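First the structure, in the form of structure tokens, and then the observations on it.
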Amino acid sequence: MELKEQFAQNVENYLENRIIQDKRYLDDEQLGPDEKACILRDLFAANIREKEFQKLNQHFAPIFADNHPFHLCIYGKPGTGKTVSTKIFCEVLSELCESKNIACKIIQLNCTTPKTPFQFLNDFACELNVSRKYRKGVAHEEFMNKAIDALKEFTGYLIVLVDEINNIKYDSGTIFQFLIRRLPTEINSKLILILISNKLDWTDNLDPRVSSFFKKEDLYFRPYNAVDLLAILKLRVEKSLNKDMVEDGVIEKIAAYSSREHGDARKAVALLAKAAQMAEEKNSKITIDCVDLAESAIDKDKYIEAAETLPRQIQLAFLSIYSSATISNNVVCTGQGYEVYQKLAREHGVNPITQRRYSDCLKELDLTGLITMRIISKGRYGRTAEISLPMKDIIMNKVSERIESSLKTR
DNA sequence: TGTCCACAGGAAATACGGGGGT
DNA sequence: ACCCCCGTATTTCCTGTGGACA
């Protein structure tokens with residue numbers, strides 16, 4: 001009985017002092033579509049992204065006068081609300097079309113995880129219910145034909161929304177050729193592509209035969225500034241945190257930091273969440289110090305997580321650089337790294353890859369930010385990539401430890 | 001001025017392994 | 001059970017190159 005009372009008391013305390021009331025609002029992944037819509041409406045009320053929504057409206061308004069709008073390319077850095085805004089807009093659009101009796105079909109695809117042309121076309125066909133998931137062995141042509149057959153009868157507006165289109169690996173040309181040239185001529189519906197990308201220049205290396213056909217309009221989502229972020233964070237605090245436990249200046253600090261560093265709302269909210277979590281563990285209010293701590297913790301986590309999910313060969317490549325960099329003054333060149341790599345690969349019972357491929361792996365590591373490489377010439381002593389580790393030893397230690405252990409469990 | 005190092009990185013060839021047909 | 005087709009992953013082959021050195 002006493003224990004029970006004690007427990008009840010603890011629960012009472014916890015409920016009174018906890019900071020996080022509803023943690024779902026600190027992580028968009030956990031929110032349902034209605035709640036997301038709700039957040040977005042609040043944002044519009046705060047005059048954020050209103051202009052962009054307006055532009056979307058204008059672009060698609062001609063539909064209702066039986067005019068065919070151009071394609072639409074949407075740009076913007078990660079976390080600027082491109083995807084959410086566009087998705088919500090599509091929902092609104094499709095409701096409006098329905099009420100006005102206009103045939104309109106919306107297909108949504110996303111390449112958040114990088115996709116090969118094969119996987120993309122496979123998804124496209126699946127979305128139209130004319131195919132199952134395949135892993136290999138089916139011709140691109142077959143998916144395209146299936147998709148076209150499925151769409152042949154439809155004569156209304158067909159909107160194809162592709163998120164993160166810049167994430168198509170290898171030959172993205174086949175995809176564009178299909179979407180921009182082939183699809184519109186072989187189906188009877190009026191096709192409008194909405195292509196979302198976080199790179200401004202992804203249309204640059206488009207085949208001229210395709211790009212001349214590509215009538216488009218651009219829409220740019222600018223990064224959030226400190227004022228926007230402050231409004232966004234305030235909304236989240238309102239929904240998810242116990243306001244009394246947030247010290248003055250905390251959200252201002254997060255907003256200022258985030259707008260300076262990246263203008264990414266998702267990251268700003270993640271920082272708030274981490275700070276709240278750390279404060280809760282310490283049983284204190286969220287202070288400015290918590291924000292600083294949270295910031296470095298997130299930084300560390302980011303690299304560790306990236307390192308753990310890397311393919312095995314690339315992990316080995318990283319280890320080879322790491323171990324040779326620590327003995328030779330932090331700078332390695334490709335040849336040295338490769339020798340160490342071969343030894344490591346044998347130790348782990350893995351077939352070593354060629355040096356050509358090894359240097360490709362290093363390039364991928366460079367992209368993740370785990371190493372930095374620049375190509376230099378040492379005159380008579382050759383031309384090579386000079387590779388170094390950009391981060392502090394503590395982080396690197398941790399990262400390599402995690403890689404070692406994840407290699408063992410495979 | 002030319003040579004030559006130690007690779008970079010492009011292109012073509014080959015290996016791999018799932019898929020359908022038979 | 002076997003074969004051929006497919007897209008992707010890796011290897012093989014190769015040409016290119018910035019600058020120290022003789």
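A note on names: the letters A, B, ... follow the listed sequences, proteins ahead of strands, and every chain is numbered from 1. The figures here come from the full heavy-atom set of this structure, side chains too, leaving out hydrogens, waters and symmetry mates. Here the structure is a predicted model, which means the values were calculated and not measured.
Here the nucleotide nearest the side chain of Thr384(A), chosen from dA20(C), dT8(C), dC7(B), is dC7(B). Comparing dA9(C), dA22(C), dG18(C) by their nearest atom to the side chain of Arg380(A) picks out dA22(C). The listed nucleotides are dA8(B), dG18(C), dT8(C); the one nearest the side chain of Ser377(A) is dG18(C).
Look at His140(A) and you'll find a side-chain N or O under 4.0 angstrom from OP1 or OP2 of dG7(C). Between Thr354(A) and the phosphate of dT11(C), there is a side-chain N or O to OP1/OP2 separation shorter than 4.0 Å. For the OP1/OP2 pair of dT10(C) and a distance below 4.0 Å, the side-chain nitrogens and oxygens of Arg357(A) include at least one atom meeting the criterion. Tyr338(A) has no side-chain polar atom (N or O) that falls below the 4.0 Å cut-off from OP1 or OP2 of dC7(B). Within the structure, a side-chain polar atom (N or O) of Thr334(A) is placed less than 4.0 Å from OP1 or OP2 of dA8(B).
Rounded to a whole Å, the CD atom of Gln336(A) is 12 Å from the P atom of dA8(B). Going from atom CG of Asp171(A) over to atom P of dA9(C) covers 13 Å, rounded to whole Å. Residue Phe143(A) contributes atom CZ, which lies 14 Å from atom C1' of dT8(C) at whole-angstrom precision. Separating the CG atom of Asp366(A) from the P atom of dA8(B) is a distance of 12 Å, rounded to the nearest angstrom. Distance Ile376(A) CD1 to dA6(B) C1': 11 Å, rounded to the nearest Å. Between Ile387(A) atom CD1 and dA6(B) atom P there is a gap of 16 Å when expressed in whole angstrom units. Put simply, NZ on Lys169(A) is 9 Å from P on dT8(C), counting in whole angstrom units.
For residues 59-71 of chain A, every residue pair satisfying the side-chain hydrogen bond (donor to acceptor under 3.5 Å, both in side chains) rule, not counting sequence neighbours, is listed here: Asp66(A)-Lys190(A). The ring pair (Phe, Tyr, Trp, His ring centres under 6.0 Å) pairs that include a residue from residues 81-100 of chain A are Phe53(A)-Phe89(A), Phe60(A)-Phe89(A), where partners are two or more places apart or lie in different chains.
For DNA chain C, the neighbouring residues in residues 116-130 of chain A, judged by any heavy atom under 4.0 Å, are Thr116(A), Pro117(A), Phe118(A).
For Gln336(A), there are no side-chain hydrogen bond (donor to acceptor under 3.5 Å, both in side chains) partners two or more places apart in sequence or in a different chain. Contacts of Asp27(A) classified as side chain to side chain contact (heavy atoms under 4.5 Å, CB included), with partners at least two apart in sequence or in another chain: Glu29(A), Gln30(A). With sequence neighbours excluded, no residue forms a ring pair (Phe, Tyr, Trp, His ring centres under 6.0 Å) with His140(A). By the side chain to side chain contact (heavy atoms under 4.5 Å, CB included) test, Arg209(A) pairs with Arg181(A), Asp207(A), sequence neighbours left out. By the ring pair (Phe, Tyr, Trp, His ring centres under 6.0 Å) test, Tyr257(A) pairs with no residue at all, sequence neighbours left out. Partners of Gln21(A) according to the side-chain hydrogen bond (donor to acceptor under 3.5 Å, both in side chains) rule, which considers only residues two or more places apart in sequence or in another chain, are Arg18(A). Partners of Asn167(A) by side chain to side chain contact (heavy atoms under 4.5 Å, CB included), not counting sequence neighbours, listed by chain and number: Cys111(A), Pro114(A), Glu164(A).
For Asn225(A) and Ser259(A), the side-chain atoms include no donor-acceptor pair closer than 3.5 Å. A donor-acceptor contact under 3.5 angstrom links the side chains of Thr112(A) and Asn110(A), judged on distance only. A side-chain donor-acceptor contact under 3.5 Å links Ser388(A) and Thr372(A).
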Expected rows: protein N/O vs nucleotides 15-17 of chain C N/O, under 3.5 Å:
unit_1  : atom_1 : unit_2    : atom_2 : d
dT17(C) : O2     : Arg383(A) : NE     : 3.2

| note | Per-nucleotide protein contact along nucleotides 9-22 of chain B, 5' to 3', at a 4.0 Å heavy-atom cut-off (B base, S sugar-phosphate only, - neither), is BB-----BBBSS--

